[in-house]
Number of protein chains: 2
Amino acid sequence: MTAFIGEFNCKLDEKGRLSIPSKLRAQFPEAVGNTLVVNRGFEKCLVLYTKEDWLDETAKLNTVDDFMSPDIRRFKRIFTNGANLVQIDGAQRILVPKKLLEYAELTAEVILVANGNKIEMWDQATYESELNVDSAEMSQLAQMFHQQRNQG
Amino acid sequence: MTAFIGEFNCKLDEKGRLSIPSKLRAQFPEAVGNTLVVNRGFEKCLVLYTKEDWLDETAKLNTVDDFMSPDIRRFKRIFTNGANLVQIDGAQRILVPKKLLEYAELTAEVILVANGNKIEMWDQATYESELNVDSAEMSQLAQMFHQQRNQG
DNA sequence: GGAGATTGTGGGAAATTGTGGGAAATTGAG
DNA sequence: CTCAATTTCCCACAATTTCCCACAATCTCC
């Protein structure tokens, strides 16, 4: 599995193109070629995957059978529905689909953040408020994480 | 795991480059190569890791699935927040990303402090006020540490 | 203490990267 | 079929980063 590192400030131009910082580009495995997958994130952000990691992600979905419940089917549909293939152009940029731009309310200033095998795309303003925690909340989160981790 | 020792005074030049004292450089395991990870610290400082140690830290995070809960995702984000890869150049320097310089308000005079497998980077002025404790406070802190430690 | 080696500091110049925009190609609507 | 809108491809300029060299400061060993 790929594990990306880094946080980058990028700009969207008026055409909705986002140039991928070379530091990040350099972390893509050879095999990526020029194709990535963008999808909606759970929060108000987008998520970039290598095609391979995306397939792993969808494989995870398929471990739960559609017969199970309407909600399962609905979740899968919504999750899969936002996914888009994007090509990296000659200037290291991708064209982000309009629908997704609107979903994440991306304007000009965008932050790319590595998160395991995913890369999240945030509007700068949104990102800053997401990261704005006081130490009380932080320690609460840490505790919660600790519990969840031990439960599996 | 690496365990660094020492406290060093360094200078940032106008390009934002920090030269790593040879005494510290000598403590890096061979395997480090020329790549380190810088991140924001909880306090107004930055933190340096070897890439390996950083991956170990984050591997813990990746054992918990993102589907789990919003809080999990938030915790991961806050934790990995400003991480950046940096390369050591031919003159034993790293280029500290502007964003992080601003965050820690680093000016010319910088202090590097070893702290387990991390190396903290402080602006000299900030560091001095951080260390400005009287003995009453010190013993109070020690007591608190002891309690927390026994609670787990 | 002095001479040579090593380390720290600064800056110039080349290479790379980021950004913008023009024009051709493609698509879709009427 | 034609026109408009979007997408793709390409080029060019600006900014940043990287690479390199040179000098200053410090350390080490004799």
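Remember, predicted model here, so these are calculated numbers, not experimental data. Within every chain, numbering begins at 1; the chains are lettered A, B, ... in the order of the sequence lines, protein sequences first and strands thereafter.
Counting only Watson-Crick and G-U wobble pairs whose two distances sit under 3.5 Å, DNA chain D takes part in these stems of three or more pairs: C:1-30 with D:1-30.
Looking at Asp53(B) and Thr50(B), their side chains do bring a donor and an acceptor atom within 3.5 Å of each other. Under 3.5 Å, the side chains of Glu43(A) and Tyr127(A) contain no donor-acceptor pair of N or O atoms. Residues Gln124(B) and Trp122(B) bring no donor and acceptor atom of their side chains to less than 3.5 Å of each other. One side chain, Gln87(B) or Thr35(B), offers a donor N or O that lies under 3.5 Å from an acceptor on the other.
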Atom pairs under 3.5 Å, N or O on each side, protein against nucleotides 16-18 of chain C: can you list them with distances?
residue, atom, partner, partner atom, Å
dG18(C), OP1, Ser22(A), N, 3.1

Are there any protein N/O atoms within less than 3.5 Å of an N/O atom in nucleotides 25-28 of chain C, and if so, which ones and at what distance?
none

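Atom CG in Leu95(B) sits about 9 Å away from atom C1' in dT16(D), given to the nearest Å. The interatomic distance linking Ile94(B) (CD1) with dC19(D) (P) rounds to 15 Å, in whole Å. Residue Lys15(B) contributes atom NZ, which lies 13 Å from atom P of dC20(D) at whole-angstrom precision. Residue Arg93(B) contributes atom CZ, which lies 10 Å from atom C1' of dC19(D) at whole-angstrom precision. Atom NZ in Lys98(B) sits about 11 Å away from atom P in dA15(D), given to the nearest Å. Rounding to whole angstrom units, CG of residue Asn84(B) and P of dT17(D) are separated by 11 Å. What separates CG of Asp13(B) from C1' of dT16(D) is a distance of 14 Å, to the nearest Å. As a whole-Å value, the separation of Ile88(B) CD1 from dT7(C) P is 14 Å.
Hydrophobic clustering of Ile, Leu, Val, Met, Phe, Trp and Tyr side chains at less than 4.5 Å, counting indirect connections, keeps Ile111(A) apart from Tyr49(A).
Across the interface with DNA chain D, nearest-nucleotide mapping of Gln87(B) and Arg17(A) shows Arg17(A) to be the residue nearer the 5′ end.
Annotation: cation-pi geometry not satisfied between Lys76(B) and Phe145(A) (NZ/CZ under 6.0 angstrom from ring centroid, within 45° of ring axis).
Nucleic acid contact class of Glu14(B) (heavy atoms, under 4.0 Å, all strands): sugar-phosphate only. Within 4.0 Å of Lys11(B), counting heavy atoms only, lie sugar-phosphate atoms of the nucleic acid but no base atom.
Ring geometry for Phe42(A) against Phe75(A) counts as parallel: the plane angle stays under 30°, on a 0 to 90° scale with 60° as the upper cut. In this structure, Phe79(B) and Trp54(B) have parallel ring planes: the angle between them is below the 30° cut-off, well short of the 60° mark.
Sparse packing is recorded around CD of Gln143(A), with 12 or fewer heavy atoms of other residues, nucleotides or ligands lying under 6.0 Å away. Applying the 6.0 Å contact sphere to CE of Met138(B) captures no more than 12 heavy atoms from other residues, nucleotides or ligands.
Partner of Val96(A) under the side-chain contact (heavy atoms from CB on, under 4.5 Å) criterion, chosen from Leu46(A), Val86(A), Val110(A): Leu46(A).
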